[in-house]
Visitor: 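My structure is below; once you've seen it, I'll send some questions.
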Amino acid sequence: MTSSPTRPAPGPGPEAGEVIVDWFATAARDLPWRRPGVDGWAVLVSEVMLQQTPVARVEPVWREWLARWPAPSALAAASPAEVIRAWGKLGYPRRALRLREAAAAIAERHGDVVPSSVPDLEALPGIGTYTARAVACFGYGRRQPVVDTNVRRVVARLVHGRAEAANARAADLADIAALAPEDDDRAVRFSVAIMELGALVCVAGTPRCGACPVRERCAWRLAGSPAHEGPARRVQKFAGTDRQVRGRLLDVLRAASEPVDAAALEPAWDDPAQRARCLDSLLTDGLVEQTEDGLFRLPA
DNA sequence: CATTCGTGGCA
DNA sequence: TTGCCAAGAAT
């Protein structure tokens, strides 16, 4: 083996990225925010709604939002109460407030046009490493590595031969950039394609390797599909947590057409101390406000 | 770097 | 039924 000058480096090699792009051409879901003519604003709204939220739940709300607020300035002009109600049950309603704040910043500082550069996007409230790159890439066709939970899982298996992804790291961006096709146009499609592969085939539960276009190059399969080493990732509890209580309180206020008193919030949760703590945190977050006469409502 | 922050479908 | 988990961000 000493005279093997062109021995390939470990890992699937750059052709894997090309194969994934070709797979995407036939396997991609027809999602509304991927269609031609969808602007940066619509893409930004979709990406924020999709944070930790399934596609099926986002679709109808996204359509309503874009019809109602077709530009950032329109959303910025809405009240927090309107925005929180329109957010419905997507979860993590602080996202709705931050999206409204981002819209105001875009209207004021960027001429009502969503910026296309990653630094400008990351400067907006609620827009982090992932979302900034997703908007630049999917919304504006910029060549950008885009790393979400799906991509980290695919790279963990395909490149590193591990069953599960580690925590997010800066090196993730380099990992994915190494797989991207040279051609810029294909590299842009690759960014969405590898996400799609993770969402449809290389899934968290039981991966559907039989349907995978790169199964023959996958380091994890080549290693015999070894089980995950180390401690299992802790799953967050929900029942009984402040998150559940906050959700219950917000439910009452979303349904109320007029400000309510503290007694009206009691049915939301039995424990008075936890109820009070959660109501206070909602006030701090700007998801609830108190009127002059001490009643509670969504911020007008 | 670990936690917190909603919600509901599904294996 | 219960646990898993779904295009993260902020602190």
Side-chain angles (χ1 to χ4, degrees), chain A residues 24 28-29 31-34 38 42-62 84 87-99 101-102 121-139 144-155 164-170 172 176 191-200 202-208 228 231-254 268-269 274 277-278 280-282 284-288:
Chain A
F24 182 74
R29 291 170 291 179
L31 301 178
W33 41 85
R34 288 179 182 166
V38 173
V43 170
L44 175 56
V45 172
S46 78
E47 291 300 340
V48 172
M49 288 182 171
L50 286 163
Q51 290 168 2
Q52 300 286 283
T53 308
V55 165
R57 208 176 304 168
V58 166
E59 276 207 44
V61 183
W62 179 82
I84 293 165
W87 194 253
K89 307 282 286 186
L90 286 182
Y92 296 138
R94 292 185 299 184
R95 288 183 294 168
L97 294 182
R98 289 178 182 142
L99 185 49
E101 293 165 10
L121 286 161
E122 282 187 320
L124 299 169
I127 309 300
T129 303
Y130 162 77
T131 304
R133 285 167 177 76
V135 171
C137 187
F138 309 151
Q144 286 290 338
V146 180
V147 178
D148 74 330
T149 183
N150 290 306
V151 173
R152 287 205 313 279
R153 185 174 55 249
V154 172
V155 171
E164 294 181 23
N167 290 330
R169 296 178 165 285
D172 293 339
I176 202 64
S191 287
V192 63
I194 192 166
M195 279 179 61
E196 191 80 338
L197 186 65
L200 299 181
C202 195
V203 295
T206 306
R208 306 208 269 261
H228 174 64
R233 191 175 64 84
R234 278 176 50 190
V235 176
Q236 292 186 78
K237 298 294 183 190
F238 178 65
T241 63
D242 285 2
R243 293 206 326 288
Q244 182 179 28
V245 179
R246 284 165 56 104
R248 293 270 194 90
L249 291 169
L250 220 48
D251 256 347
V252 172
L253 295 173
R254 265 195 299 259
W269 198 253
Q274 189 176 17
R277 180 176 73 239
C278 290
D280 187 66
S281 74
L282 288 170
T284 298
D285 288 346
L287 286 164
V288 176

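So that the names make sense, note that chain A is the first sequence line, chain B the second, and so on, each numbered from 1.
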Visitor: Could you check whether A:D251 pairs with A:R254 (Lys NZ or Arg NE/NH1/NH2 to Asp/Glu carboxylate O, under 4.0 Å)?
Guide: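 Result for this pair is yes, salt bridge flagged.
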
Visitor: Pull out every residue in residues 42-55 of chain A that has a heavy atom closer than 4.0 Å to any atom of DNA chain B, ordered by number, or say none.
Guide: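 Output list: A:Q52, A:T53.
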
Visitor: Expressed in whole Å, how much space separates the P atoms belonging to B:dG6 and C:dT11?
Guide: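 Straight-line distance between the two P atoms is 14 Å.
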
Visitor: Please measure how far the C1' atom in B:dA2 lies from the corresponding atom in C:dA7, and state the result in whole Å.
Guide: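 Pairwise C1' distance, B:dA2 against C:dA7, rounds to 22 Å.
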
Visitor: With A:E164, which residues qualify under salt bridge (Lys or Arg N to Asp or Glu O under 4.0 Å), at least two apart?
Guide: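 None.
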
Visitor: Using a 4.0 Å heavy-atom cut-off across all strands, classify A:A134 as base, sugar-phosphate, or nothing.
Guide: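 No contact.
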
Visitor: What's A:L250 touching, base or sugar-phosphate or nothing? Going by heavy atoms closer than 4.0 Å.
Guide: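 Answer is nothing: A:L250 stays at 4.0 Å or more from every strand.
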
Visitor: Take atom CZ of A:R169 as the centre, draw a 6.0 Å sphere, and report whether it contains more than 12 heavy atoms from other residues, nucleotides or ligands.
Guide: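 Open: at most 12 neighbouring heavy atoms sit under 6.0 Å from CZ of A:R169.
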
Visitor: Within the structure shown, what part of the strands sits under 4.0 Å from A:T129 by heavy-atom distance: base, sugar-phosphate, or nothing?
Guide: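 Touches sugar-phosphate only.
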
Visitor: Got A:L282 and A:L249 here, is their nearest side-chain heavy-atom distance under 4.5 Å?
Guide: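 Counting from C-beta outward, A:L282 and A:L249 do come under 4.5 Å.
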
Visitor: With A:W269, which residues qualify under ring pair (Phe, Tyr, Trp, His ring centres under 6.0 Å), at least two apart?
Guide: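 Per chain and number, A:W269 pairs via ring pair (Phe, Tyr, Trp, His ring centres under 6.0 Å) with no residue.
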
Visitor: Which is more 5' along DNA chain B, the nucleotide nearest A:R169 or the one nearest A:S281? Just name the residue.
Guide: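 Its nucleotide being nearer the 5' end, the pick is A:R169.
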
Visitor: With a 4.0 angstrom cut-off to heavy atoms of chain A, pull out the first and last contacting nucleotide of DNA chain C, in 5'-to-3' order.
Guide: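 The contacted stretch runs from C:dC4 to C:dA10.
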
Visitor: Walking along DNA chain B from 5' to 3', note the first and the last nucleotide with an atom under 4.0 Å from a heavy atom of chain A, and give both.
Guide: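 Going 5' to 3' along DNA chain B, contacts run B:dA2 to B:dG8.
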
Visitor: List the atom pairs, donor and acceptor, that lie under 3.5 Å between side-chain atoms in residues 125-132 of chain A and the rest of the protein, sequence neighbours left out.
Guide:
unit_1, atom_1, unit_2, atom_2, d
A:Y130, OH, A:E47, OE1, 2.7
A:T131, OG1, A:Q51, NE2, 2.9

Visitor: A:W87 near the nucleic acid: base, sugar-phosphate alone, or nothing, with a heavy-atom cut-off under 4.0 Å?
Guide: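 Here A:W87 touches no strand at all.
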
Visitor: Is the closest side-chain heavy-atom distance between A:I176 and A:V155 below 4.5 Å?
Guide: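 When only atoms from C-beta onward are counted, A:V155 and A:I176 do touch, with a gap below 4.5 Å.
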
Visitor: Any base atoms under 4.0 Å from A:R277, or only sugar-phosphate, or nothing? Heavy atoms, all strands.
Guide: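 Counting heavy atoms under 4.0 Å across all strands, no contact is made by A:R277.
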
Visitor: If only side-chain N and O atoms count, and only distance matters, is there a donor-acceptor pair under 3.5 Å linking A:T53 with A:R95?
Guide: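 Yes, because at least one side-chain N or O of A:R95 sits under 3.5 Å from a partner of the opposite role on A:T53.
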
Visitor: In terms of the nearest nucleotide of DNA chain B, which residue is placed more toward the 5' end: A:R94 or A:N167?
Guide: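 Between the two, 5'-proximity favours A:N167.
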
